[in-house]
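To find a chain, count down the sequence lines: A is the first, B the second, and so on, and within it residues start at 1. None of these values were measured; they are calculated from a predicted model.
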Amino acid sequence: MNIKNQDSYTETGMTLIVKTVTRLTVGLILVYGIYIVLHGHLSPGGGFAGGVIIALSFVHLMLAFGRDIALRKVSKNTVSILESIGALMFLSIAIAGFLGGVFFLNILDKGSPFRLFSAGTIPLSNIAIGLKVGVGLFAIFLTLVILEGSKR
Amino acid sequence: MANIVPFFTIIPLFTAFAISLLGRIFKNAFIHTLSIVSQFILLVLSLLSSVLLHRFVDGKILVYKIGGWIPPFGICMVLDGLSSFMLVTVNLLAFFVAIYSLNYMNKYTDKPKFFTLFFLMLTGMNGVIVTGDLFNLYVFLEIASIAGYALVAFGTEAEELEASFKYAVMGSVASAFIFIGIAFLYGFVSTLNMADMARILGTKTNQWVLPFVSALFFMGFGLKAALVPFHAWLPDAHPSAPASISAMLSGVLIKALGIYALARILFNIFGILPVYSKILMFLGALSMLVAVVLALSQWDLKRLLAYHSISQIGYIALGIGLGTPLGILGGLYHLFNHSIFKSLLFLNSGAIDYAINSRDLKDMSGLRERMPITYHTNLIASMSIAGIPPFNGFFSKLIIIIACIQSGYITYAIAAVVGSLLTLASFMKVQKFAFLGELKEKYRDAKEVPLAMQLSMVVLSIICITGGLLLLPSLRYFLDNAVNVLLDGSNYANRVLETALK
């Protein structure tokens with residue numbers, strides 16, 4: 001996450017202890033979320049669960065360091081563009097099925113079971129869903145935070 | 001030919017996210033073109049589906065297997081007479097509302113967000129109509145409802161946010177009832193495919209779960225359709241939305257999510273039992289009378305129209321609840337007609353709001369001179385909703401009343417006539433206070449609305465005048481195919497499953 005050291009000592013956010021622990025764990029949470037998304041076709045989890053974990057890593061960052069520092073990593077605009085891209089990506093994977101004649105058809109090579117590169121379009125769909133859910137959930141949290149901030 | 005079926009959800013979904021992604025980069029012209037073009041394609045596809053289904057398809061049913069999986073295992077989409085009837089109604093209206101919104105939404109900021117939500121709502125409605133899977137129906141229903149909650153709050157004034165919150169709470173309660181109902185039904189029949197559900201329910205001798213599940217569905221879909229004991233959210237939610245969205249909500253949303261889904265489940269999955277039709281008819285007659293009496297005393301133009309939506313939904317429920325061929329014909333025909341004239345009335349109220357910035361009937365007067373197009377289209381729509389002979393509302397109400405008498409429900413027939421008279425009274429009030437009388441000094445320079453808004457109002461009023469032609473023998477198939485699907489009852493299962501295996 002590469003959060004600059006002086007951020008730990010700024011006024012916003014929680015105490016130094018929370019900030020330090022967050023700095024150590026937030027990357028792990030993000031990587032775990034990505035793992036859940038990419039491994040979705042083999043183990044429990046998938047696009048939705050992994051997307052939620054990815055969103056939580058950013059929420060975690062925002063809680064510990066305050067709104068402005070988290071927004072420096074992912075801006076409001078990026079979030080809303082990525083969300084639309086996630087949805088369009090999922091739709092294009094579904095439409096790509098028409099290449100084989102049927103909507104939502106799994107057109108790619110299925111590979112052998114339990115391999116990371118297998119199951120055709122399922123991992124791709126998981127990535128699209130993970131993107132959509134991750135930024136979508138973060139966008140909801142962001143909206144609540146911004147509205148709360150504008151009320152003061 | 002079944003390949004056209006998934007496009008009813010693909011096109012609006014794609015348009016929604018394309019607008020949300022590209023709308024911030026390109027100018028309004030791009031958003032306008034994209035919305036109108038994709039809405040036009042949807043309209044053409046739905047009209048085409050209705051004609052093709054009648055002319056070229058055996059059994060008048062198309063089943064699309066998503067991903068190539070056969071129905072009890074995969075999700076399927078079903079396009080039969082009733083679906084194509086609803087698709088034409090929804091997309092016809094959405095096309096004109098989209099044209100109207102091009103100008104009307106200049107009153108608000110952030111057009112890209114509006115069109116994104118608009119097309120998401122359309123995705124939900126089209127999805128509910130074409131899907132053949134009960135859980136899929138629930139998902140699409142939620143998409144349409146949540147887009148609806150956001151659109152009601154689009155103005156972000158205190159009153160609109162309150163209405164939207166109320167709508168969201170009531171809508172979520174309804175969705176919860178529907179969800180629990182689906183869960184119990186799934187537990188009982190172990191399948192979610194609607195056709196397969198009907199088939200398995202037919203083989204069970206002890207259907208103990210049905211009364212409980214149907215009570216949940218009556219509450220859930222009754223809330224979505226705003227039948228009377230469940231109507232309290234509608235008079236707040238519908239007037240608070242932008243006028244073009246009020247037209248969509250009152251015109252088609254409550255019918256696609258409420259009446260259509262309820263009728264599909266009661267008739268095609270459960271197979272209509274006398275007790276269900278009695279409940280549906282009673283709720284219909286109650287809505288008809290209670291809502292129209294409440295409407296009489298309203299002074300807010302859009303609130304008055306919202307109460308009339310509840311009352312007219314009552315006619316539709318009464319007609320469909322009768323369960324006779326004539327009754328269902330009347331109910332569905334009234335569904336089509338009501339979606340046309342009620343959305344026209346809401347678009348008129350939006351035009352008045354656009355011109356003079358007021359919705360209060362006491363405040364406006366003599367607008368006939370300044371806004372001739374709005375006045376004339378409003379006159380046509382008012383006479384249609386009140387059931388004056390040459391207009392479309394007359395024919396459908398007449399059929400419903402005749403059907404009531406034919407099946408021996410004289411009380412309901414009288415209630416329908418009384419409801420119609422009270423409707424006439426309250427629309428005479430609208431005419432008198434809004435358009436006739438002295439023009440007030442402050443509205444001396446009120447202008448007629450822009451061309452796109454005029455265009456969609458004029459075309460809708462032409463449909464109001466010519467709507468009666470749908471009963472002509474050469475056009476009757478549009479309604480008859482829909483009626484036959486409901487009359488077919490749980491035979492729907494065999495038709496879907498046989499077509500799917502072909």
Side-chain angles (χ1 to χ4, degrees), chain A residues 41 46-48 75-110 119-140 142-144 146-148 150-151, chain B residues 1-26 31 34 38 62-71 73-77 79 110 112-113 115-117 119-120 123 127 130-133 136 139 143 146-147 150 153 156 158 161 500:
Chain A
H41 55 299
F48 192 91
S75 76
K76 208 175 72 176
N77 242 346
T78 327
V79 164
S80 93
I81 289 173
L82 281 179
E83 201 196 353
S84 305
I85 289 178
L88 283 178
M89 208 170 124
F90 187 73
L91 190 63
S92 346
I93 293 166
I95 293 173
F98 277 117
L99 292 176
V102 187
F103 187 47
F104 260 111
L105 187 69
N106 197 336
I107 47 163
L108 297 180
D109 184 25
K110 314 287 186 301
T121 55
I122 308 277
L124 295 177
S125 312
N126 268 335
I127 292 170
I129 297 169
L131 188 65
K132 168 84 184 154
V133 172
V135 291
L137 202 62
F138 182 62
I140 292 170
L142 202 60
T143 315
L144 292 177
I146 289 171
L147 285 182
E148 185 65 31
S150 67
K151 214 161 60 182
Chain B
M1 199 181 298
N3 271 333
I4 63 169
V5 183
F7 282 97
F8 289 111
T9 54
I10 293 174
I11 294 172
L13 194 60
F14 176 81
T15 315
F17 287 106
I19 288 175
S20 131
L21 186 64
L22 303 174
R24 69 187 71 239
I25 306 168
F26 295 105
I31 303 167
L34 185 61
S38 59
L62 287 172
V63 178
Y64 189 82
K65 300 177 279 268
I66 293 180
W69 298 90
I70 49 170
F73 309 109
I75 292 172
C76 66
M77 285 177 168
L79 185 79
D110 213 346
K113 278 215 179 66
F115 276 107
T116 304
L117 289 168
F119 277 100
L120 277 178
T123 312
V130 296
T131 188
D133 183 279
N136 212 224
V139 171
I143 294 176
I146 289 172
T156 61
L161 292 174

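Listed by chain and residue number, nothing satisfies the salt bridge (charged side-chain N to carboxylate O under 4.0 Å, His left out) test with B:K65 (two or more places apart in sequence, or in another chain).
Between chain A and the residues B:G74, B:P6, B:A16, the most heavy-atom pairs under 4.5 angstrom are made by B:P6.
Judged as a salt bridge (charged side-chain N to carboxylate O under 4.0 Å, His left out), not a single pair has a partner in residues 120-131 of chain A (not counting sequence neighbours). Residue pairs meeting the salt bridge (charged side-chain N to carboxylate O under 4.0 Å, His left out) criterion with at least one member in residues 125-134 of chain A, sequence neighbours excluded, are A:E83-A:K132.
Among residues 96-110 of chain A, the residues having any heavy atom closer than 4.5 Å to a heavy atom of chain B are, in sequence order, A:F98, A:G101, A:V102, A:F103, A:F104, A:L105.
Put simply, the side chain of B:T131 never gets that close to the backbone of B:G127: no donor and acceptor are under 3.5 Å apart.
Screening B:L22, B:I25, B:L21 for a side chain to side chain contact (heavy atoms under 4.5 Å, CB included) with A:I81, the sole residue that qualifies is B:L21.
By the neighbour-count criterion of 12 heavy atoms within 6.0 Å, atom OH of B:Y64 is densely surrounded, having more than that number from other residues, nucleotides or ligands.
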